[in-house]
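The first residue in the sequence is number 1, and the count goes up from there. Note that the coordinates shown come from a computational prediction; the quantities given were computed from them, not determined experimentally.
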Amino acid sequence: MKEEIKDKLRHHAGKILLGGTGALLVLSVVTLGASLLNDRPAASDTQADAVVQKLESNLGDAQAKLATQHTALLVQLPGMDIERVSRDRATGRSLLLSLTDSSASTRTVKEQQVLLDARYGFLDHKSRVLTEFVPEWMTATGATKGAGTTYTLADLDIGVSRVQGLNYSYTGVARLDPVRVGPDQNSAAKSEFAVFTYSTSHDGTVTSLDVYRASSKTRDALAAASEEQPSPKPTA
């Protein structure tokens, strides 16, 4: 995949090089034509040769400069595995859905903690995801009184925050809209926002995860911002 990116950039840089060359050739014709029209016939051949030599020299310098810029662009290419990033994003999406689905669970907070602890090896009894996020989320969405509000993933943005060797880190923001309100919940349930970070190893295994439910103030600000522009469809 990295080679494909390089090929695309190389092709793009080639267009730049060709475009710059073409522009210089056009300039050459215009300059040469103007020079020949203004000079006396007796000296036109000599001056035309001089103009051509000068333009060829300028053209060579321009091509060399563009080639240098092309090389610099290739050097600056990120060394990320794009296919892996796509897979890791899908993993992050699944993790988020597993955690937020607990709002519709009939289990107790403790039962949900045990279930998630057994399902994901990177979580344990000390994980803030289990000790802070899950209890808060289930309480806020009414799941501590039985099945609470059910949410659908309305918007999701996951970006690479760090690449260190073979370890990739990601940061994501998700908007979850209520689609079914539990019996003990106010029918005017609002959208919820979750901010999360996670890391993966070279084989895509998740090594760490942190999730935070946005505060009421942050939620309202994010909701207002999302209403000002069309929301893209959730991505993996």
Sequence neighbours excluded, which residues qualify as side chain to side chain contact (heavy atoms under 4.5 Å, CB included) partners of S102? Q112, W137, M138
Looking at side-chain heavy atoms only, is the closest gap between V129 and L99 below 4.5 Å? yes
State, with a plain yes or no, whether a side-chain heavy atom of L97 is found less than 4.5 Å away from one of L153. yes
Do L156 and R93 make a side-chain contact, defined as non-hydrogen atoms from C-beta onward lying under 4.5 Å apart? yes
Between V211 and V160, is there shared hydrophobic-cluster membership here, with clusters defined by ILVMFWY side-chain heavy atoms closer than 4.5 Å? yes
Tell me the salt bridge (Lys or Arg N to Asp or Glu O under 4.0 Å) pairs involving residues 96-121, sequence neighbours left out? none
Those residues that, when tested against D177, pass side-chain hydrogen bond (donor to acceptor under 3.5 Å, both in side chains) (two or more places apart): R175, S191
Compare every heavy atom of L123 with every heavy atom of L116, then report the nearest pair and how far apart it is. O-CD1, 4.1 Å
Please list all pairs meeting ring-ring contact (aromatic ring centres under 6.0 Å, His included) that have one or both residues in residues 92-118, counting only residues at least two apart or in different chains. none
Between F196 and Y198, how do the two ring planes meet: parallel, tilted or perpendicular, split at 30° and 60°? parallel
To the nearest 0.5 angstrom, please state how far the CG atom of D81 sits from the NE2 atom of H202. 12.0 Å
Taking the side chain as everything from C-beta on, heavy atoms only, tell me whether T197 gets closer than 4.5 Å to L209. no
Note: I158 and R89 closest approach over all heavy atoms is O-NE, 3.0 Å
Is the closest side-chain heavy-atom distance between L176 and T152 below 4.5 Å? no
Mind checking side-chain hydrogen bond (donor to acceptor under 3.5 Å, both in side chains) for S201 and listing every partner two or more places apart, or none if nothing turns up? D203
Heavy-atom side-chain proximity of Y151 to T141 below 4.5 angstrom: yes
What residue pairs, at least two apart or across chains, pass ring-ring contact (aromatic ring centres under 6.0 Å, His included) with a residue in residues 95-123? Y120-F122
Scan side-chain atoms only and decide if R84 and T200 contain a donor-acceptor pair under the 3.5 Å cut-off. yes
Heavy-atom side-chain contact between T144 and V109 under 4.5 Å: yes
Please report the closest heavy-atom contact between A194 and L96, naming both atoms and the distance. CB-CD1, 4.0 Å
Does anything in residues 131-140 form a salt bridge (Lys or Arg N to Asp or Glu O under 4.0 Å)? List the pairs, not counting sequence neighbours. R128-E132, E136-R213
Sorted by chain and residue number, the side-chain hydrogen bond (donor to acceptor under 3.5 Å, both in side chains) partners of Y212 (sequence neighbours excluded) come out as none
For S169, side-chain hydrogen bond (donor to acceptor under 3.5 Å, both in side chains) partners two or more places apart: S199
